[in-house]
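Below is one structure, written out as structure tokens; the observations come after it.
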Amino acid sequence: MQDNKRPPASILFIFGGSGDLNYRKLTPALYNLFLDDWMPEQFAIAGIGRSPYTDEAYRQHLLDGVTKFSRRKGKLNGHWTDFSQHVNYLQMDGDDAEAYSLITDLVKAKEAEWGVHPNVVFYLAVAPQLVPSIASKLGGLNICSDTSSTRIVVEKPFGHDLKSAHELNALLTGMFAEEQIFRIDHYLGKETVQNILALRFANALFEPVWNRNYIDHIQITAAESVGLEGRGGYFEHAGALRDMVQNHILQILCMVAMEAPVSFDANEIRNKKVDVLNAIRRISHEQVHDFAVRGQYSSGWKKGEKVVGYREETGVSPQSNIDTFAAAKFYIDNWRWQGVPFYVRTGKYLNQKATHITLQFKPAPHYAFPNESAESWRSNRLTISIQPNMDISIRFQAKRPGQTMTLDPVDMKFNYEEAEGEHAPEAYETLLLDVMEGDATLFMRADQVEAAWKVIMPILETWENRKPQDFPNYAPDSWGPDGSDALLARDGHTWINYINTGR
Ligand SMILES: NC(=O)C1=CN([C@@H]2O[C@H](COP(=O)(O)OP(=O)(O)OC[C@H]3O[C@@H](n4cnc5c(N)ncnc54)[C@H](OP(=O)(O)O)[C@@H]3O)[C@@H](O)[C@H]2O)C=CC1
Ligand SMILES: O=C1O[C@H](COP(=O)(O)O)[C@@H](O)[C@H](O)[C@H]1O
């Protein structure tokens, strides 16, 4: 057992307690924190929704989710009964102001029972249109004026565009202090994403070459092998650029490109990241065609199974112009990154589930190896695999054994799980623990969210106004539309598809 410093006494209210996110992610994460001894000594969890559940039926429903989705799978360690005694269900409509007395009553009861004033966390795992109504009612409760112990967690998507994100920020910051607001981007809770900071700033080895003098270009891929999984209704109002690039991919890009922080203070890290977003070159609507590519999948075959096209998915318009694939090229106009393109892409139904970052180094200044092709320099790169593999590998040229000076690309690899010998926590475990501890480092600040929207607005607006002539334009199991390859080919590059193919 680790010697954990547990958070103080806490009550978590989960709006959307009867929903999918809680079932699949939040409760499995909380239960894992409990098994790993990270939950507070005194804690209570109240799921909130309109659906009727008795406490017992609700706990049974959550156990089903834990059994299916916990990283521990079958090894649940038999402590569910202990854990579930801390869980209750509050049947209430978030739009009904009167019903909020259920919340204040529970806080008072726990305060009396525990003899301490607990931290109170309101987790809004509900559709975005419900957030303003619930947040305003919470903002009116006395407990929310205690800025040190009451927190509100807001799920993605944070706004639909720059204007709505700005309005939502105004509403939230009108009721809560910024330090009470935790805007989730679950990629920031992933171990391998956090490890980018350790790799860069805990080692003197990499930082000297981490700039325009040595790096030719950077690729960030967040490929998904799954399709919509019944989320067509949501995706029709989102698209891949909104769903993945505005948040997760731009946050990864910030981790790769930011300057060294002076400390791990939440605001210090977030200042450095927002500097990156503000330095991303704005592209005009006319330039979008040269800098971004969109795609939508057709029907076809996925690992031997017939799958329907996006336009045939439930909840999707047969004429839909929504992007299920997005790729873009960004430049960061600052001293470190001037002239270095950052290529990013994401898509549904692609060939692999693979999220990775590749830093392609420049050619050596003089290449005295006559047997090698002009392209050999491309073998010099560093790849950070975020998922499903969790590793960092450096590819470089080495001499092939024998009497001639012939080179082969070889990989030097660090595998996170092999090295650490234990299962890494899920992103939501890390983030929920941080919320209970009041550490906002891995959460988005208001200005970060808006700066990220500013980066993608020209692309979004252009795509919304100019309908694509060629949708659907990629097949399931592929790597996206031809235009995505053309985006890099124009600069003389190709996508590095999957680090484990050995290419
Ligand atoms: N599911 C996932 O994997 C992910 C989800 N998210 C985000 O999390 C949020 C929730 O998503 P998800 O769980 O999938 O959505 P669901 O549709 O599964 O759940 C919605 C929840 O909201 C509750 N709800 C709806 N109306 C009210 C109301 N008037 N008062 C109280 N509760 C209400 C529903 O409960 P009831 O019907 O009982 O009232 C239900 O619990 C969304 O913002 C989504 O984008 C983000 C990342 C991943
Ligand atoms: O936020 C989202 O992320 C998931 C991908 O998350 P991952 O942790 O499995 O990589 C994506 O499928 C979903 O569309 C999006 O809303």
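Scope of the values below: all heavy atoms of this structure, side chains included, with no hydrogens, waters or symmetry mates. Start at 1 and go down the list; that is how both ligands and their atoms are numbered.
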Ligand 2 versus K348, non-hydrogen atoms closer than 4.0 Å: side chain, backbone, both, neither?
-> side chain

Distance from atom 13 (O) of ligand 1 to nearest protein heavy atom, with residue and atom | L21 N, 2.8 Å

Within the 4.0 Å heavy-atom cut-off, what K353 brings close to ligand 2 is side chain

How far is atom 30 (N) of ligand 1 from its nearest protein heavy atom, and which residue and atom is that?
-> G94 N, 2.7 Å

Y89-ligand 1 polar pair, N/O distance under 3.5 Å = no

Among Y474, Y349, Y297, whose side chain to side chain donor-acceptor pair (under 3.5 Å) with T324 holds?
-> Y474

Is it true that R24 and E426 make a salt bridge, defined as a side-chain N closer than 4.0 Å to a carboxylate O?
-> no

At what distance is the nearest protein heavy atom to atom 42 (C) of ligand 1, and which residue and atom is it?
-> V126 O, 3.5 Å

Write out the residue and atom name of the closest protein heavy atom to atom 14 (O) of ligand 2, then the distance separating them to 0.1 Å.
-> D243 OD2, 2.5 Å

Atom 29 (N) of ligand 1 - nearest protein heavy atom and its distance = D93 OD1, 2.9 Å

Would you check the N or O atoms of Y428, main chain and side chain alike, for any that come under 3.5 Å of an N or O of ligand 1?
-> no

K156 to ligand 1, any heavy atom closer than 4.0 Å | yes

Ion pair present between R445 and D447, side-chain N to carboxylate O less than 4.0 angstrom?
-> yes

Do T441 and D439 get their side chains close enough for a donor-acceptor pair, meaning under 3.5 Å?
-> yes

Where on M92 is there a heavy atom closer than 4.0 Å to ligand 1, on the side chain, on the backbone, on both, or on neither?
-> backbone

More than 12 non-hydrogen atoms from neighbouring residues, nucleotides or ligands closer than 6.0 Å to NE2 on H493, yes or no?
-> yes

Could you list the atoms of ligand 1 found under 4.0 angstrom from a heavy atom of S18?
-> 34 (C), 35 (O), 36 (P), 38 (O), 40 (C), 41 (O)

Examine E224 against ligand 2 and note whether any of their N/O atoms are separated by less than 3.5 Å.
-> yes

